[in-house]
Amino acid sequence: MSTVPSVNVGMPKDVSWQGRTVHTGVWKFPVHGPARVRRLNIDGDGQGDTNGHGGEQRAVLVYQIQSYRHWQQCCFGRDDLGFGQFGENLTVDGLLDDEVCIGDRYRIGETEFEVTQPRVTCYRVGLRLGEPELPALLVSHHRPGFYMRVIHEGHIQAGDPIVQTRTGPGALSVTDTDALLHLPDPEPAKLRLALRIPALSPGWQDSFRDLLKSVDSPAVVAATGPAWNGFRPLRVAEVVPESKTVTLFHLAAPDGSRLPAAHAGQYLTLRIREAGRPAPVRSYSLSSTPDAGCYRISVKHEPHGTASGYLTTRLRPGAILDAAAPHGDFMLDEGTGPVLLVSAGIGLTLVLSMLHELAARDSEREIWWIHGARRPQEHPLAAETHVLLTSLPHTHEHVFYSTATPEERRRAHAAAGRLTKDKLVALSVPADATAYVCGPASFMTDMQHALTAAGIDPARIHTELFGAMPSINPGLTGQVARTPHQPPGAPGTGPLVTFARSGISVPFPDGRPSVLELADACDVPTRWRCRTGVCHTCTTPLLSGDVAYSPTPLEPPPDGHVLICCAQPSTDVVLDM
């Protein structure tokens with residue numbers, strides 16, 4: 001019979017790591033005597049990064065004494081590993097990862113648990129043991145451990161026997177579940193099986209839905225890859241002032257050939273050599289029919305914008321710009337249900353390209369166009385939008401002006417005030433719609449809440465933010481959002497690293513172990529979790545250049561992408577971040 005040799009707890013604390021402070025609860029230590037298990041954790045226990053650990057689905061982490069022996073014998077040659085060393089709450093004898101299945105239930109002492117997911121691979125377990133490669137090893141050796149949720153609260157203690165009370169449906173082991181997410185070529189049948197297991201945590205279900213979509217539609221995934229590598233020259237065919245602040249640029253191939261089709265909702269990244277040294281790199285959304293043979297971007301003049309200032313005041317037809325291939329995954333779905341296109345300010349350009357695509361298809365879908373602006377003078381492409389909407393059979397157009405005069409609103413058939421949560425809910429949008437939202441971060445947050453309140457499934461709400469992506473740096477304390485800047489200290493001597501969304505270029509410094517470390521030093525918002533090439537949270541489009549990896553990632557990223565957590569530039573690189 002399986003037993004519990006040790007129950008371990010520990011509260012989060014700040015730990016110095018690579019020149020920063022990490023708030024982590026990975027330090028767990030044995031409890032002497034009974035411990036009370038509650039819905040979210042064990043008394044005396046806590047988590048530092050609640051994005052990746054803790055919560056109802058991850059209340060208790062389990063690791064096996066057999067895996068302790070495995071690491072001691074095969075890899076580390078250490079005899080100093082005490083219970084709780086792998087961050088687990090329950091050190092167990094038995095319950096091996098390849099035998100325990102998602103949905104299995106176990107009674108330990110007075111408490112009943114249900115298995116919900118494998119351990120989230122995280123750099124912190126390597127931090128605790130001083131083994132930075134450990135997160136990748138946990139996956140490649142098929143020994144991740146697993147989380148359980150609490151079905152019935154109660155007391156447990158070391159020495160308690162473990163009694164299985166129910167077998168999970170589908171017999172999908174922890175090992176197989178972990179491999180589906182982290183190892184290449186997941187089996188579609190196992191992905192579908194996983195999605196039929198109610199006990200599997202929602203986060204893993206979402207990941208498996210995305211994986212299944214890519215497996216079932218390889219042509220669609222391939223089509224989203226870059227149409228060309230690096231930068232290629234494009235000729236400015238036409239410059240059209242649209243308003244006092246927005247200018248339209250039509251870009252074509254210098255030899256007159258058709259440019260590859262883009263997807264509605266994607267954007268171009270331009271390197272503008274004449275605007276400064278080093279040449280600024282900026283991204284602008286495509287705002288016209290995606291398969292027109294040429295591209296159109298809409299650039300808003302920013303008072304202190306180096307790139308936008310040059311483009312809107314100095315660029316003339318015939319000029320040449322360097323462009324990376326259209327990219328971005330904010331793309332219109334292939335469904336037939338209602339679609340909501342929700343935007344504010346210049347954010348309308350991305351959803352306008354979707355409207356163009358719907359018009360090009362002669363779509364029969366129900367289309368809701370919902371846009372907010374200050375006044376008509378700051379509502380670019382309004383006439384073009386209205387013509388497209390009137391050409392389609394099932395459309396609803398709702399425009400809100402926050403500072404317009406009554407006469408301006410009357411002429412534009414616009415409502416008064418800002419587009420708010422209450423106003424959107426009052427429109428009675430269809431609950432089965434798919435929504436695409438683009439605008440400032442606060443606007444998108446408000447709209448996500450509004451659309452959810454209107455009954456729309458959050459999984460059907462898609463957003464795209466202009467500028468740098470929001471950071472999800474887990475567990476770092478003392479950080480305040482700052483404008484990206486050059487790193488402190490002497491300039492580096494390595495290849496030039498350009499963060500396109502953040503608008504800065506930095507020579508790679510000597511001694512920096514990864515692009516992620518450089519981004520952190522520059523306060524470029526980053527997205528990461530494991531920092532060891534396992535989880536792929538940090539996967540970032542690589543617009544140009546080449547990188548090397550150390551440590552080697554468990555699985556390489558898709559073509560045209562890079563894992564910034566373990567990448568070092570081999571040449572000058574441009575990243576979409």
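These numbers were taken from a predicted model, which means no experiment stands behind them.
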When you check the gap from the basic side-chain N to the acidic O, do Arg501 and Glu464 get nearer than 4.0 Å?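 Between Glu464 and Arg501 there is a salt bridge, with a charged N closer than 4.0 Å to a carboxylate O.
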[X] side chain near [Y] side chain, heavy-atom distance below 4.5 Å:
X      : Y      : answer
Leu191 : Leu195 : no
Phe83  : Pro5   : yes
Glu555 : Leu183 : no
Leu234 : Leu259 : yes
Trp27  : Leu127 : yes
Tyr63  : Leu138 : yes
Phe231 : Leu321 : no

For [X] and [Y], work out which heavy atoms get closest and say how close.
X      : Y      : value
Leu350 : Cys438 : CD1-SG, 3.6 Å
Cys74  : His141 : SG-CE1, 4.0 Å
Thr177 : Phe208 : O-CZ, 3.6 Å
Phe249 : Leu311 : CZ-O, 3.0 Å

My understanding is that only residues two or more places apart in sequence, or in another chain, count here; which of them pass side-chain hydrogen bond (donor to acceptor under 3.5 Å, both in side chains) with [X]?
X      : answer
Asn89  : Asp45
Ser257 : Asp255
Asp322 : Arg271, Arg273

As a test of understanding, state which of Gln64, His142, Arg119 forms a side-chain hydrogen bond (donor to acceptor under 3.5 Å, both in side chains) with Asp97.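 That would be Gln64.
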Distance only, no hydrogens: is a donor on one side chain within 3.5 Å (strictly under) of an acceptor on the other, for [X] and [Y]?
X      : Y      : value
Asp93  : Gln66  : yes
Gln117 : Ser201 : yes
Asp523 : His485 : yes

Step by step, would you call Glu88 with Lys28 a side-chain contact (heavy atoms from CB on, under 4.5 Å)? CA-CA 7 Å; Glu88 78 275 11; Lys28 309 294 185 188; over 6 Å; no
Students often mix this up, so state it plainly: with edges at 30° and 60°, are the rings of Tyr436 and His462 parallel, tilted or perpendicular?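 The rings of Tyr436 and His462 lie parallel, inter-plane angle below 30°.
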Is the backbone N or O of Asp546 less than 3.5 Å from a side-chain atom of Thr571, with the two atoms forming a donor-acceptor pair by type?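 Here the side-chain-to-backbone pair exists.
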Intermediate values then yes/no, side-chain contact (heavy atoms from CB on, under 4.5 Å), Trp204 and Gln57: CA-CA 11 Å; Trp204 281 63; Gln57 301 294 325; over 6 Å; no
Determine, stepwise, if the pair His263 / Leu332 fulfils side-chain contact (heavy atoms from CB on, under 4.5 Å). CA-CA 8 Å; His263 292 273; Leu332 187 66; over 6 Å; no
Would you sort out whether Phe330 and Tyr267 count as a ring-ring contact (aromatic ring centres under 6.0 Å, His included), showing the intermediate values? CA-CA 9 Å; Phe330 183 70; Tyr267 50 92; 9.6 Å; no
